[in-house]
Visitor: 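Got a structure here, written out as structure tokens. Questions coming.
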Protein chains: 2
Amino acid sequence: MSTPEKEITIYDIARALNISAATVSRALMDHPSVNINTKKRVQEAAQEMGYRSNQMASNLRKRKSNIIGIIVGNLNSSFMSNVIAGVEKELSDAGYNLIISQSLDNINKEINIAQAMYNNRVDGLLVSLAYETENADHFESFVKRGIPLVYFDRVWPHPQCPGIEIDNVKAAYDITEHLVTQGCKRIAHVTAYRLSSVAADRFAGFKKALEDYQMTFDENLLIQTDLTLQAGIDAAKQILAMENRPDAVFVTNDACAVSCMQELKRNGIRIPQDIAFAGFNNDTEASIIEPNLTTVDYKGYQMGEVAAQILLDRLNQTDNGLLKTSNKLIQPSEIIIRDSSLKRK
Amino acid sequence: MSTPEKEITIYDIARALNISAATVSRALMDHPSVNINTKKRVQEAAQEMGYRSNQMASNLRKRKSNIIGIIVGNLNSSFMSNVIAGVEKELSDAGYNLIISQSLDNINKEINIAQAMYNNRVDGLLVSLAYETENADHFESFVKRGIPLVYFDRVWPHPQCPGIEIDNVKAAYDITEHLVTQGCKRIAHVTAYRLSSVAADRFAGFKKALEDYQMTFDENLLIQTDLTLQAGIDAAKQILAMENRPDAVFVTNDACAVSCMQELKRNGIRIPQDIAFAGFNNDTEASIIEPNLTTVDYKGYQMGEVAAQILLDRLNQTDNGLLKTSNKLIQPSEIIIRDSSLKRK
DNA sequence: ATGAAAGCGCTAACAG
DNA sequence: CTGTTAGCGCTTTCAT
């Protein structure tokens, strides 16, 4: 009753059925070369006796932890929650456990987490980098040990590590083009301090669009921040203080865009009439803020599934053909136009 | 280079230093009865040789997985992200790994996850129940085996499982009282289909407040849903279809409240003039929707820390006194009044 | 303060 | 198709 019964092992089953532990083991893992009848007997006995396999022993023997680590900036978005759901589905189907950690977009925390995961011998790693991260040396230990590492969303280019992402250049280009065709002449861009691959790509798409429309980019309209909510407010203050204000703002993420819009609204700026807005990610907030925020949407669940599949391929040394010539995999994205950018309805 | 070097073990260190593996093991875990000098030599050698301990072997020997499971409805809220951060901090300080799963508020998924965690031999479990869950039998296997189980936020009353929660009755009472003092006469309540402990408590607080103010509760104003975004829209439609509409709505969570408000606004209802609103949780959306949503706030990070501490106490058989007579632990909460409920400013 | 030895429970050659 | 055997790397008595 109060003391839990002893855990039963394959030896207990073996004894009960008068067969060897090896056969029990094989039967339990559905090994092809076990007689169908013994297999059945073993499985029934296991069931009845309340057997549960001992992963620790199995892991030790196989020299695999059976654990996959995933490091993300923050779990707090429907995008990331969906990524996790997609990853979880694929990995648990494949029998892996998932250990999730948030870097809270802090580089030092990311380094510590990476170290901890390394010491805990994860069999593979999925990473979406912190905004702050400007190099990925802290993941080299995995590469050196041959532990598969797959980046997603906020990726780091590395010859041996696949990256699942969207075409940030194109998405940023498209959304900027949209602002231009709405008649915006002076478009500000709010981005990260450190131009990570993602931020850099978006910035590049933004500049390319301006060029193509013969608009010169005013350096004064580049606002670099840490992309927090507070940063959105600060960016708004900066904009309010400008003598020659922009007529549109493209923020590289929605959360920051929304807090920036709120602060501007509090100061009497009309959106989109005075200043049009565009964000990135299609977070929940984007369709709650008024006016609703124009943004870029991409599917977290799917990205999670794909990232997990690629990782599993690496673990199994198989190749389902998802990655051909390059180790970059581009997922679809689309721009969603809402009222925050519609100057001419 | 391309082949990763062999993992080194305590035996390698032992050989290098001409001592026994037992001593190395003891030195590494800082056992008191090891000579301070040998300890130092061992630790240096380990460092130099690139040793990392093998958790799998250690786990097998100690018959502990070193893994704590946490099951939540959905990771997608700043509250839950903070809970995770708090839990993670406490547990990783204590040397545990954390496996996170989302039930997506689906009872069957919750059952499967519980089973998987049981089979993976988690050393302890933290659970916030799915909205749908109406009994907790699927967690009995943990109780029977003596595996510590701690509920938080959406708890299940159980003599052997502590529950960390807020005073839902009081919070709901207070927020309802606030609506009443704003002059609301007919207050609708949107809650879950199944009245879990949390939903039931909030409903109870709501009714108690009405009673205390001599208001009879109209059964027609009780709207039971699955609390999704779509449910908010459906609830709005129900309200619009009523011949005798409420003048206030208290929704048992913010996400649903916000989507309900949006739908009502689309249909020309003015908030709070026509219908006042109150929610629960203080999610990000609550301070973005216009008018901003009156709600109940409580701290996720702190709740996560406390839940983890209680779990660690159980694991260590210690008792830091957090739980005295009862196995319920009430965390602070506060109502946040915003424009959605201010009929008289 | 250190060492010898046993064993946690499982899997994988290898042999039959 | 099944059994024998060895060992994954660590911790922990029990001696010394």
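These values consider heavy atoms only, across backbone and side chains, with no hydrogens, waters or symmetry-generated copies. Treat the numbers as computed from the prediction; the structure is a model and nothing was measured. By convention in this document, chain letters (A, B, ...) are assigned in the order of the sequence lines, proteins followed by strands, and residues within each chain are numbered from 1.
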Visitor: Starting at CZ of A/R15 and ending at C1' of C/dC10, how long is that distance when rounded to a whole Å?
Guide: 15 Å
Visitor: Grab the CG-P distance between A/N59 and C/dC8 for me, whole Å please.
Guide: 18 Å
Visitor: Name the residue closer to the 5' end of DNA chain C, choosing between A/K62 and B/R63 according to the nucleotide with the nearest heavy atom.
Guide: B/R63
Visitor: Among pairs that include at least one residue of residues 53-70 of chain B, which meet salt bridge (Lys or Arg N to Asp or Glu O under 4.0 Å), considering only residues two or more places apart or in two chains?
Guide: none
Visitor: Calculate the interatomic distance between A/I8 atom CD1 and C/dC8 atom P; express it in whole Å.
Guide: 15 Å
Visitor: Just distance, no hydrogens or angles: give the donor-acceptor pairs under 3.5 Å from side chains in residues 21-32 of chain A, sequence neighbours left out.
Guide:
residue	atom	partner	partner atom	Å
A/T23	OG1	A/S20	OG	3.2
A/D30	OD1	A/K39	NZ	3.3
A/H31	NE2	A/S33	OG	3.2

Visitor: What range of DNA chain D does chain B touch, first nucleotide to last, counting atoms under 4.0 Å from its heavy atoms?
Guide: D/dG9 to D/dT13
Visitor: Please state how far atom CG in A/N66 lies from atom P in C/dC10, giving the value in whole angstrom units.
Guide: 14 Å
Visitor: Could you work out, with side chain to side chain contact (heavy atoms under 4.5 Å, CB included) as the rule, every residue matching A/D153, not counting sequence neighbours?
Guide: A/F79, A/S128, A/Y298, A/M303
Visitor: Expected output is a numbered-order residue list: members of residues 23-30 of chain B with a heavy atom under 4.0 Å from any atom of DNA chain D. What is it?
Guide: B/S25, B/R26
Visitor: What's the CZ-P distance between B/R61 and C/dG9, to the nearest Å?
Guide: 10 Å
Visitor: Of the non-hydrogen atoms in B/L312 and B/E90, which two are nearest, and what is the gap between them?
Guide: CD1-O, 3.9 Å
Visitor: For B/N112, what residues pass the side chain to side chain contact (heavy atoms under 4.5 Å, CB included) criterion, not counting sequence neighbours?
Guide: none
Visitor: Nearest-Å distance, OH (B/Y11) to P (C/dA4)?
Guide: 11 Å
Visitor: Quickly work out the B/I13 CD1 to C/dG3 P distance and round it to whole Å.
Guide: 14 Å
Visitor: Using heavy atoms to find the nearest nucleotide of DNA chain D for B/S53 and A/P32 separately, return the residue whose nucleotide is more 5′.
Guide: A/P32
Visitor: Side chain to side chain contact (heavy atoms under 4.5 Å, CB included) with B/V155: which residues, sequence neighbours excluded?
Guide: B/Y151, B/E165, B/S197
Visitor: Per the ring-ring contact (aromatic ring centres under 6.0 Å, His included) rule, what does the pair list look like for residues 93-121 of chain A, sequence neighbours excluded?
Guide: A/Y118-A/F142
Visitor: A/Y51: what forms a side chain to side chain donor-acceptor pair (under 3.5 Å) with it, not counting sequence neighbours?
Guide: none
Visitor: Assess whether a salt bridge exists between B/R145 and B/E140, defined as any Lys/Arg side-chain N lying under 4.0 Å from an Asp/Glu carboxylate O.
Guide: no
Visitor: What's A/S33 touching, base or sugar-phosphate or nothing? Going by heavy atoms closer than 4.0 Å.
Guide: base
